[in-house]
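In what follows, a single structure is set out as structure tokens and then discussed.
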Amino acid sequence: MLQIIWNGLFVGSFYALVALGYSMVYGIMKLLNFAHGDLYMLGAFIGFALLTSFSGFTASLSLVALLVVLGLSMIGTGLAGVAIERVAYRPLRGAPRLSLLITAVGASFALEYGTRIVAGPNPEVYPVRLGGSSLHAFGVRISVAQIVLIGIAIALMAGLNIMVMRFRQGRAMRAIALDPVASRLMGVDVDRVIAQAFFIGSALAGAAGVMAGAYYGSINFLMGFIIGLKAFTAAVIGGIGNFKGAMLGGVVLGLLESFGTHFLGGQWRDVFAFAFLILFLTVRPTGLLGERVTERV
């Protein structure tokens, strides 16, 4: 049972990182950025390109190289997210929500098949694979790679929480989420803050992509599709628009998949997780930490 829980927590940490980007964008713009999962894929390919270019350095210092590449991939993916916001979303900010949703789907396909053209349709083997020994405690097998990756994920999520709750940029994001018009009247640069939110959310997704490539060892141009759906599911379970809810939702989804795989088999994993989502939303449609909001008219 403890092994099942640990496996769920590990997978859930990846979902939580990607779900945070969904919640950030939705909380500020009320936009479901369906291209977010493909930024996860883009981060994995940026990391792959960097590791391939410096193969001599990565062969001797795999963990150090991975951390350096992780930071560079976060910057590259964050800039890609800002570019998508500037080109695809900002001109339509005052348009109907359906137009934004269609644009988000178009941006998703553009990222997927643009990457296919550049990198090719075949899966790629990651140049650095985190291996190493394993620890055994209370009947649970924990690999060193899992400890390293879940530690990085926790550090990134904790850093984001501190930034949002204590720093000026975080206060501006929370203010825009409450009332963008009043925030602009109070001197907040709404466009700049939204761009920052896209950068941070995309960077977290890119970090998750690099970590997944280093752990699982293989990447492909469609890897962002299913992780995007699952991260969106995690955000909804936790309460979309709520940062802590996104983290909690990722962990819950990871645990659901782990238990579903153990008791029903791997082929029933996604069925079990999404069936739970349907049943859960009928009971609590706002999510675990979401709040019912009443609009004044």
Side-chain angles (χ1 to χ4, degrees), residues 18-43 77-117 172-185 188-206 221-243 245-246 249 274 277 281 285-287 290-297:
V18 186
L20 280 170
Y22 268 114
S23 284
M24 288 187 70
V25 173
Y26 183 84
I28 294 175
M29 292 181 59
K30 300 298 182 288
L31 165 68
L32 296 177
N33 182 19
F34 288 117
H36 191 70
D38 296 295
L39 291 168
Y40 163 92
M41 175 272 298
L42 183 63
T77 314
L79 293 175
V82 172
I84 291 172
E85 188 275 330
R86 182 66 182 86
V87 174
Y89 299 148
R90 188 177 298 182
L92 297 174
R93 197 173 295 168
R97 297 283 173 82
L98 182 60
S99 300
L100 279 169
L101 287 176
I102 294 173
T103 302
V105 174
S108 174
F109 281 115
L111 285 174
E112 288 177 6
Y113 290 95
T115 303
R116 183 185 186 277
I117 292 172
M173 291 178 186
R174 286 183 283 142
I176 294 173
L178 289 174
D179 194 332
V181 176
S183 300
R184 193 183 297 273
L185 292 175
V188 177
D189 190 340
V190 174
D191 292 337
R192 180 173 61 84
V193 173
I194 290 177
Q196 289 174 349
F198 267 88
F199 180 88
I200 295 171
S202 302
L204 291 176
F221 73 98
L222 290 175
M223 64 184 289
F225 176 74
I226 189 65
I227 192 71
L229 288 179
K230 290 185 177 181
F232 174 66
T233 303
V236 172
I237 290 175
I240 192 164
N242 188 301
F243 292 164
F274 286 104
L277 171 67
L281 290 180
T286 58
E291 297 180 357
R292 190 180 300 274
V293 178
T294 303
E295 296 186 2
R296 295 180 179 178
V297 295

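Just so you know, these numbers come straight off a predicted model, no measurement behind them.
Counting all heavy atoms, side chain and backbone alike, Ala234 lies closest to Ala19 at CB-CB, 4.1 Å. Here the closest non-hydrogen pair linking Arg90 and Ala195 is NH2-CB, 4.1 Å. Here the closest non-hydrogen pair linking Val193 and Ala172 is CG2-CB, 3.8 Å. Shortest non-hydrogen contact noted between Ile84 and Ala107 is CG2-CB, 4.3 Å. Of all heavy-atom pairs between Ile176 and Ser183, the closest is N-OG, 3.4 Å. Between Ala235 and Ser23 the shortest heavy-atom distance is CB-OG, 3.8 Å.
Taking CG from Leu281 and OG1 from Thr286, the interatomic distance works out to 9.0 Å, rounded to the nearest 0.5 Å. Taking CE of Met29 as the reference point, atom CZ of Arg97 lies at 9.0 Å (rounded to 0.5 Å). The line from CG of Leu39 to CD1 of Ile227 is 13.0 Å long, rounded to the nearest 0.5 Å. Separation of atoms CD1 (Ile194) and CE (Met24) is listed at 11.0 Å; rounding is to 0.5 Å. How far OG1 of Thr233 is from CD1 of Ile237: 6.5 Å, rounded to the nearest 0.5 Å. Interatomic distance, Lys230 NZ to Leu277 CG, rounded to the nearest 0.5 Å: 12.5 Å.
Sparse packing is recorded around CZ of Arg86, with 12 or fewer heavy atoms of other residues, nucleotides or ligands lying under 6.0 Å away. More than 12 heavy atoms of other residues, nucleotides or ligands lie within 6.0 Å of CZ in Phe274, so this atom counts as buried by the packing criterion.
Below 30°, between 30° and 60°, or above 60°: for Phe198 and Tyr89 the angle between ring planes is between 30° and 60°, a tilted geometry.
Side chain of His36 to backbone of Gly228: no donor-acceptor contact under 3.5 angstrom is found. A donor-acceptor pair under 3.5 Å is absent between the side-chain atoms of Thr103 and the main chain of Ala88, judged by distance alone. In terms of modelled atom types and a separation under 3.5 Å, the side chain of Ser108 and the main chain of Ala104 share no donor-acceptor contact.
The side-chain contact (heavy atoms from CB on, under 4.5 Å) test with Phe221 is passed by exactly one of Asp38, Thr115, Leu111: Thr115.
In this structure the side chain of Glu85 never reaches within 4.5 angstrom of the side chain of Leu31, judged on heavy atoms. In this structure, the side chains of Ile102 and Leu98 come closer than 4.5 Å at one or more pairs of heavy atoms. Residues Phe34 and Tyr22 have side chains in contact (heavy-atom distance under 4.5 Å, counting atoms from C-beta outward). Leu100 has its side chain out of reach of Lys30: every pair of non-hydrogen atoms, C-beta onward, lies at least 4.5 Å apart.
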Residue pair Asp191, Arg93: steps toward the side chain to side chain contact (heavy atoms under 4.5 Å, CB included) verdict: CA-CA 10 Å; Asp191 292 337; Arg93 197 173 295 168; 2.4 Å; yes
